[in-house]
Q: 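My questions will all concern the structure given below.
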Amino acid sequence: MRTALQQNKGFDSLSDFFTLSDFAAVTGISKATAYRMADQGRIPCIRLGKRIILSKKHLKQWIDTEIGFGIQSITTEDIEDGETSKG
């Protein structure tokens, strides 16, 4: 049986704290890959006994760090005006 989160696979559908299964469903990776990333310390998570819990707030910060803050969007108007970076 699929959970409501698995049916609506958006990041905004996550609760404040969620499981690796939820993380896998939202990102489209396998559960095995999610558990391997957690075991390797590649994603921010905490262990509560045998459970592994992720925080939505900390995951957002991790994603921002991984992607980088220097990324800027370019609009079609910028391209038409000959601009390739905002400043």
Q: Are Arg47 and Asp39 within salt-bridge range, i.e. N to O under 4.0 Å?
A: yes
Q: Side-chain heavy atoms nearer than 4.5 Å, only ILVMFWY residues, links allowed to pass through others: does that put Ile46 and Trp62 together?
A: no
Q: Linking I/L/V/M/F/W/Y whenever their side-chain heavy atoms sit closer than 4.5 Å, directly or via other members, would Leu48 and Tyr35 fall into one cluster?
A: no
Q: Working to the nearest 0.5 Å, report the span between CD1 of Ile52 and CE of Met37.
A: 12.0 Å
Q: Measure from the side-chain N and O atoms of Lys56 to the backbone N and O of Leu14, and report whether any donor-acceptor pair falls under 3.5 Å.
A: yes
Q: Enter the distance from Cys45:SG to Phe17:CZ here, rounded to the nearest 0.5 Å.
A: 13.0 Å
Q: Flag the pair Leu20 / Lys31 as yes when at least one side-chain heavy-atom distance between them is below 4.5 Å, and no otherwise.
A: no
Q: With a 4.5 Å heavy-atom cut-off, do Asp22 and Leu54 have their side chains touching?
A: no
Q: Could you state the interatomic distance from CZ (Arg51) to OG1 (Thr19), rounded to the nearest 0.5 Å?
A: 7.0 Å
Q: Report yes if some heavy atom in the side chain of Ile43 is under 4.5 Å from a heavy atom in the side chain of Phe23; otherwise report no.
A: yes
